[in-house]
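Note on naming: letters A, B, ... go to the chains in the order of the sequence lines (proteins, then strands), and numbering restarts at 1 for each one. Computed from heavy atoms alone, side chains included, the values below leave out hydrogens, waters and symmetry copies.
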2 protein chains.
Amino acid sequence: MSFTVSLFISNLNVHNFIDELNKAFESRVRLGLMSLLVVQDEMDFARLKEALQLSDGNLASHMQALEKLGYIEVHKQFIGRKPNTQYAVTELGRNAFSAHLLSLEKLIKQMQS
Amino acid sequence: MSFTVSLFISNLNVHNFIDELNKAFESRVRLGLMSLLVVQDEMDFARLKEALQLSDGNLASHMQALEKLGYIEVHKQFIGRKPNTQYAVTELGRNAFSAHLLSLEKLIKQMQS
DNA sequence: AAAAAGTACTTTGTGTTACAAAGCTAATTA
DNA sequence: TAATTAGCTTTGTAACACAAAGTACTTTTT
């Protein structure tokens with residue numbers, strides 16, 4: 001009897017952890033982009049593209065999605081006379097990503113015990 | 001100069017971690033299914049469906065995909081006179097999932113340092 | 001005996017996503 | 001003047017997720 005109960009709780013836990021995960025960060029690319037931006041504070045289009053081996057269009061659309069969610073900010077400037085687009089994570093984005101990693105971490109720890 | 005070099009290495013690392021992640025386990029549902037099966041050894045259709053709040057069709061198609069990849073096995077039986085389908089993770093699945101979690105863990109630790 | 005419900009799907013349809021490839025704009029360098 | 005750079009946008013395709021409905025067979029309920 002207590003066996004059944006504990007199984008039920010364990011299943012519930014998994015469900016909760018899963019629900020805490022942020023859909024916006026599911027994909028490997030998004031995980032990579034956020035990881036880089038959280039650490040680097042600012043990175044431009046070319047550097048991100050190079051770092052994650054993405055096509056122009058693919059990177060642009062991922063960034064657009066993250067921007068629409070308010071997770072990153074775009075700063076356009078000129079370096080010398082060349083256009084340059086810098087991306088930075090917002091406070092909201094930083095918090096959301098932290099929460100996501102924390103949920104992942106909890107899930108992983110749950111698995112290891 | 002050494003600053004530039006260390007940045008380059010850091011970017012490379014992220015790229016490597018991301019590449020190690022298994023596409024099959026990207027989605028929250030897949031993560032949940034595998035987590036449950038790794039811990040529970042065997043679970044049936046109804047329990048999985050209940051635990052993760054999935055529709056019949058959605059669960060069936062996820063399980064089919066995981067089975068096709070060789071990550072889970074299906075055991076059909078009768079309990080009393082009712083049909084019952086048990087799912088279990090395979091050795092391959094267990095290893096693949098472990099590797100995935102390990103890569104996630106490495107990525108997270110990288111972020112925290 | 002007939003109707004309802006359980007078990008585990010399959011089928012169908014829809015909307016979302018990922019992504020590559022090509023096009024585009026405006027400037028810059030060769 | 002031609003090619004390149006920078007950063008997109010557009011277009012098209014294939015994959016995916018998912019709900020809802022349909023299916024087949026059985027069992028339970030009435």
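Side-chain contact check for B:Arg47 versus B:Glu50: every heavy-atom pair is 4.5 Å or farther apart. Counting heavy atoms from C-beta on, the side chains of A:Glu20 and A:Leu107 never come closer than 4.5 Å. The side-chain heavy atoms of B:Asp44 and B:Tyr87, taken from C-beta on, include no pair separated by under 4.5 Å.
As rounded to whole Å, 17 Å separates atom C1' of D:dC16 from atom CZ of B:Phe25. Rounded to whole Å, the distance from CD1 on A:Ile18 to P on D:dA17 is 14 Å. Here D:dC8 presents its P atom at 13 Å from NE2 of A:His75, a figure rounded to the nearest Å. If you take CG of B:Leu33 and C1' of D:dC18, they are 14 Å apart, rounded to a whole angstrom. As rounded to whole Å, 17 Å separates atom P of D:dT10 from atom CG of A:Leu59. Following rounding to the nearest Å, A:Phe78 (CZ) and C:dA26 (P) show an atom-to-atom distance of 12 Å. B:Leu31 places its CG atom 16 Å from the C1' atom of D:dA17, with the value rounded to the nearest Å. Going from atom CE of A:Met43 over to atom C1' of D:dG7 covers 16 Å, rounded to whole Å.
Distances shown here put every side-chain N or O of A:His62 at or beyond 4.0 Å from the OP1 or OP2 atom of C:dT17. Phosphate contact (OP1/OP2 of C:dA20, side-chain N/O of A:Ser55, threshold under 4.0 Å): present.
Residue whose closest nucleotide on DNA chain C sits further toward the 5' end, between A:Leu54 and A:Arg81: A:Leu54.
Within 4.0 Å of B:Arg30, counting heavy atoms only, lie sugar-phosphate atoms of the nucleic acid but no base atom.
Aromatic rings from A:Phe25 and A:Phe97 are positioned such that their centres are separated by under 6.0 Å.
Within a 6.0 Å sphere centred on NZ of B:Lys106, other residues, nucleotides and ligands contribute more than 12 heavy atoms.
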Which parts of nucleotides 5-12 of chain C does protein reach within less than 4.0 Å, heavy atoms only, written one letter per nucleotide 5' to 3' as B for base, S for sugar-phosphate only and - for none?
--SBBB--
Step by step, would you call A:Val29 with B:Ile18 a side-chain contact (heavy atoms from CB on, under 4.5 Å)?
CA-CA 7 Å; A:Val29 169; B:Ile18 298 305; 5.9 Å; no
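When each of A:Thr85, A:Leu54, A:Leu33 is checked for a side chain to side chain contact (heavy atoms under 4.5 Å, CB included) with A:Leu48, only A:Leu33 meets the rule.
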